Every structure is written in structure tokens, then in C-alpha cells.
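Lettering follows sequence order; numbering is per chain, from 1. Just so it is clear, the model here is predicted, and its values are computed rather than measured. Only heavy atoms go into these numbers, but all of them, side chains included; no hydrogens, no water, no symmetry mates.
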There are 2 protein chains.
Amino acid sequence: MRPSGRAGREAPPLSRDRIVEEALALLDEEGAGRLTMRRLAERLGTGSTTLYWHVKTKDDVLDLALDAIFADVRIPRGSGQGWRADITALIDGWRAVLLKHPWSSALLGRPMLGPNVLARSEFLYATLLEAGVGEPHLTAAAFGLSNYVIGSALMQATWLTSAEQAVRQAAQEHMRANRDRYPALAAHGPLAAGDDWDTGFALGLTWLLDGIEANARH
Amino acid sequence: MRPSGRAGREAPPLSRDRIVEEALALLDEEGAGRLTMRRLAERLGTGSTTLYWHVKTKDDVLDLALDAIFADVRIPRGSGQGWRADITALIDGWRAVLLKHPWSSALLGRPMLGPNVLARSEFLYATLLEAGVGEPHLTAAAFGLSNYVIGSALMQATWLTSAEQAVRQAAQEHMRANRDRYPALAAHGPLAAGDDWDTGFALGLTWLLDGIEANARH
DNA sequence: CCAGTGACCGGATCAATGATCTGGTGCTCG
DNA sequence: CGAGCACCAGATCATTGATCCGGTCACTGG
């Protein structure tokens, strides 16, 4: 016990897991832009350069943090609810996690190869296979669903986080000023529509699933 | 003519447009990660600080560059082909532009409020309205289509650009090593499937359009 | 013709950041 | 007890976005 390195440090010894854990807290509190190795080290009560003993680069920290949040997405394995319900639950959970950690959307442009992500992708493919979806619809379905969630979360997070920075207000005024140039957009666009992202997302998901179902054997 | 500022400079005087133009060239050649104000200035044959007279911040340059590429997306206004063909053409053009400039995918996390993007969004909304799509399907349709393209382009660009950096190889080996843990993924995943992104994208788009059509009045 | 105004340019400079080099410090095993 | 190892951190470097302040030209009013 207490394998502390220095004289009487109270915190557990630095570890990869502790770094990721603190990185997650920092990201949730201040966003991706403010994650610095120095700041992270400070929060951990350690020197900034020490982190590099446990982690190769800063990108490593980001990759690990990104994969970590997907541990919260429950995999509805063997729920007995049918493949449609299972996939809906998976996708909804996926989306919820992305929206719960808005900084994650900014990181979606990197390859997601962590164990949590892979496990959930595996479930998606397996469920579709079991439902009788074959190529080329299988690839289209898996990609379509993934891409749809990713795009939706990215756009919603972008919109919501920039809302506080008065970007939204500027956009609204710009919209009103050029109302004649963008009539449909001004009347029905994201600014006119409320903040009901959920039903819109659910509708699109239904359409995708309908299309998939039409090409499944069961 | 020749309103050159200094003694006999051959290039036209620096302007916002020239900056954006050169930024686009730099981005296309070297990617988003290597766009630096200094490098950009060097290519323009000017001092790095001079750029800040024409542009407020680096983000301005990125926003302008991102909107600029969408000028190449043809708006099929009044094509007489029907709304489905028009929207398909718009979405396909949107996707083509994103894939032609892979760096753009990394910038999709910022609000896109440039004139080119707004004009094309306006066309999307207007076309859907004309097709008889009303709320809440209108918002769902517009968002669904946009998010689907964005997510697809993001994922494909991520995958393709990281392919050269041997990330793909590492992923493939990781996949083979854990083949038992990810059976469906290993057999049918993006690594197993070829590089035929197009048909998968087209299929998903069809499903979305089918769903939209089922909720339109015409 | 000439002083002055303002658009435009850039060298020096600052603070922040990712990453490395190098030298510790204390625990543990033989 | 002492040698090796896991772990830590100060000093340091290069890069980058951004600002300060002083320059340089074209043009204009008198």
C-alpha cells in the first residue's frame, strides 16, 4: 500500500487511468480548448512533464478520454426486444453520451479505435447481421446509423456551445437582416424552430431503420 | 492599375480574398494542421503580422476558407427534375466538396454561417417546403440530410487521411489480433469492406429520402 | 509644391503550449 | 547495503497566435 513516490503525497500515485479521469473532469468543466498538459498536471498535483511518462502525447490523452465516455453507453445485449429496439437504444445512448460531453464532438474527426467504441460497433454489426441484413445493405446500415448520430451530435453540440458566446445572437440578427435572401431558412430554420432536437433526431432515425428493415430478411 | 503598396511588388496588394485564396491552396496541399499565419504570410510574400490588418483572427481565415469551398456546389434551381433529384444533386455535391478538401472535415465543428452555406441551406429548406413537407418533418428532414452528409464525410475523410499514416495498418493488425472479440466487425467492418463508400452513402440517402417522401403531400 | 492624413505593412516582442533532455528521489530486490 | 528501476520534475526549446509601435507609400487640400 501507499506506494507513494515522494514524501507523503496524499493522492494515489499517478497512473494512466488517473490522468484520463482528471482529463475527463477538466474537459467537462472547461471544454476541449482549455485542456493543456500543464493545466492537467496542475490539477493532478504533479509536474507537467511527468505526464509524458505515462502518456506518449497529448493526443493520447484525448483518444483515451474520448473512448472512456462510451463506457456509459449500455449495450442492450440479448434484451429480447427485437433488433430495432436494440439498435435504437444503442444509438440513443451513443447520442446521449456525445451530448453530455460537448467537447467530444470536436474530437470526432479522429479515428475511434478504443475498446469501448469497438465493442459497441461490434454489437451494431452483430445485431444487423442477426436481423438478416446482408451486403451491401449491412455496410450502408452500419455507416448510415453511425454517421447520422455523429453528424447530429456534432451539429447540435456546435450550435449549443456557441450559443453562449453570442454567436447565436449574431446569427439571429444576421438572419433577420437578410430575411428576404433566406425566406425559408428564416421561417423554418434552426433559429425559428425551437430547441426540440430530440423529435427531429428520432424521426430521421426511424426513416433510416425503415429503410434497413425493408432490406432485411427477418 | 498597379496600385502596389511598396516599391515594385509584383503581386497584387494583399486583400482578404487573396488571403483566403492562398489559405485554400495551403490547406489543400498540406492540411489543416499545417496552416500557420506565418506560413500563410510567407506564401503571400508578406509579413505574418500584416495578415491581421485584413483579418481579425486565424479562425476568421478558417471560417472564410470553409465557406469558400461551398461555392463549387451547384444549386439545381428550377431543374424540372423533381425535388428528390434536386436534393440528391445538392447533397451529392455537398459531399463531393467535403471529400475534395479533406481538411474541411476537421472544421465541421464550427458554426457554418457563411453566405455560400446559407444559400444552399436555404435551397434545401425551400425545396422541401415546395415538396409539401411540413413540420415537424421539415426540420427533421433538413437536419437529417445535413447531418448525414456531415457525418459521412467526416468519417470517410478521417479514415482516408489517417490511412497514409499507417493508422489503418495498425487498426487492421489490432483487428486481426482480436478477431475473436470482434467477429462481426472483423468480417464485415470498414476494414473488411472495400473502399466503396459511394454506394453505401447512396443507399442511406435513399432511405432518408423515402422516409421524407412518405411524409410529404406531393 | 508641400505638409499631412490615412491605408497598409512588418520587425520586435509576449505569453502560451507541446514536447524533450537531463538529472534527481525513493523503493525494492538480491 | 547497494544497484537497478519506476517514477517524478526543473530547465529548456521551438512553434504559434496575437499585439505594439513605428515605418512607408499614395493621395489630397491649400
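Residue Thr50(A) has no polar side-chain atom (N or O) positioned under 4.0 Å from OP1 or OP2 of dC7(D). Residue His54(A) places no side-chain N or O under 4.0 Å from the OP1 or OP2 atom of dA6(D).
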Step-by-step salt bridge (Lys or Arg N to Asp or Glu O under 4.0 Å) determination, Asp28(A) to Lys100(A):
CA-CA 9 Å; Asp28(A) 281 339; Lys100(A) 185 179 173 188; over 6 Å; no
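For the pair Ile19(B) CD1 and dC8(C) C1', the interatomic distance rounds to 12 Å; values are reported in whole Å. In this structure, Trp53(B) places its CH2 atom 18 Å from P of dG11(C), rounding to the nearest Å. Rounded to an integer number of Å, the gap from CZ of Arg16(B) to P of dA7(C) is 15 Å. For the pair Asp59(B) CG and dA18(D) C1', the interatomic distance rounds to 12 Å; values are reported in whole Å. In this entry the distance linking CZ of Arg18(A) with C1' of dC8(D) reads 13 Å, nearest Å. Per the geometry, NZ belonging to Lys56(A) stands 13 Å off C1' belonging to dG18(C), to the nearest Å. Regarding Leu51(B), its CG atom lies at a distance of 12 Å from the P atom of dG11(C), rounded to whole Å. Regarding Glu42(B), its CD atom lies at a distance of 17 Å from the P atom of dC9(C), rounded to whole Å.
Closest to the side chain of Tyr52(A), from the set dC8(C), dA11(D), dG18(C), is dG18(C).
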Using a cut-off of under 3.5 Å, enumerate the N/O to N/O pairs linking the protein to nucleotides 14-16 of chain D.
from: dT16(D); atom 1: OP1; to: Thr36(B); atom 2: OG1; distance (Å): 3.3

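One donor-acceptor pair, N or O on each side, does fall under 3.5 Å between the base of dG11(C) and the side chain of Thr49(B). If you check distances only, the side chain of Thr46(B) never reaches the base of dG10(C) with a donor-acceptor pair under 3.5 Å.
Scanning for ring pair (Phe, Tyr, Trp, His ring centres under 6.0 Å) contacts around Phe70(B) gives Trp94(B), with sequence neighbours left out.
A donor-acceptor pair under 3.5 Å is absent between the side-chain atoms of Arg43(B) and the main chain of Arg39(B), judged by distance alone. Between the side chain of Asp67(A) and the backbone N or O of Asp63(A), no donor-acceptor pair lies under 3.5 Å.
A donor atom on one side chain and an acceptor atom on the other are not found under 3.5 Å apart for Thr127(B) and Asp86(B).
Between Asp198(A) and Arg95(A), at least one side-chain N (NZ, or NE/NH1/NH2) sits under 4.0 Å from a carboxylate O, which counts as a salt bridge.
Heavy atoms of Thr57(A) sit under 4.0 angstrom from primed sugar atoms or phosphate atoms, though from no base atom.
The aromatic ring centroids of Phe201(A) and Tyr148(A) lie less than 6.0 Å from each other.
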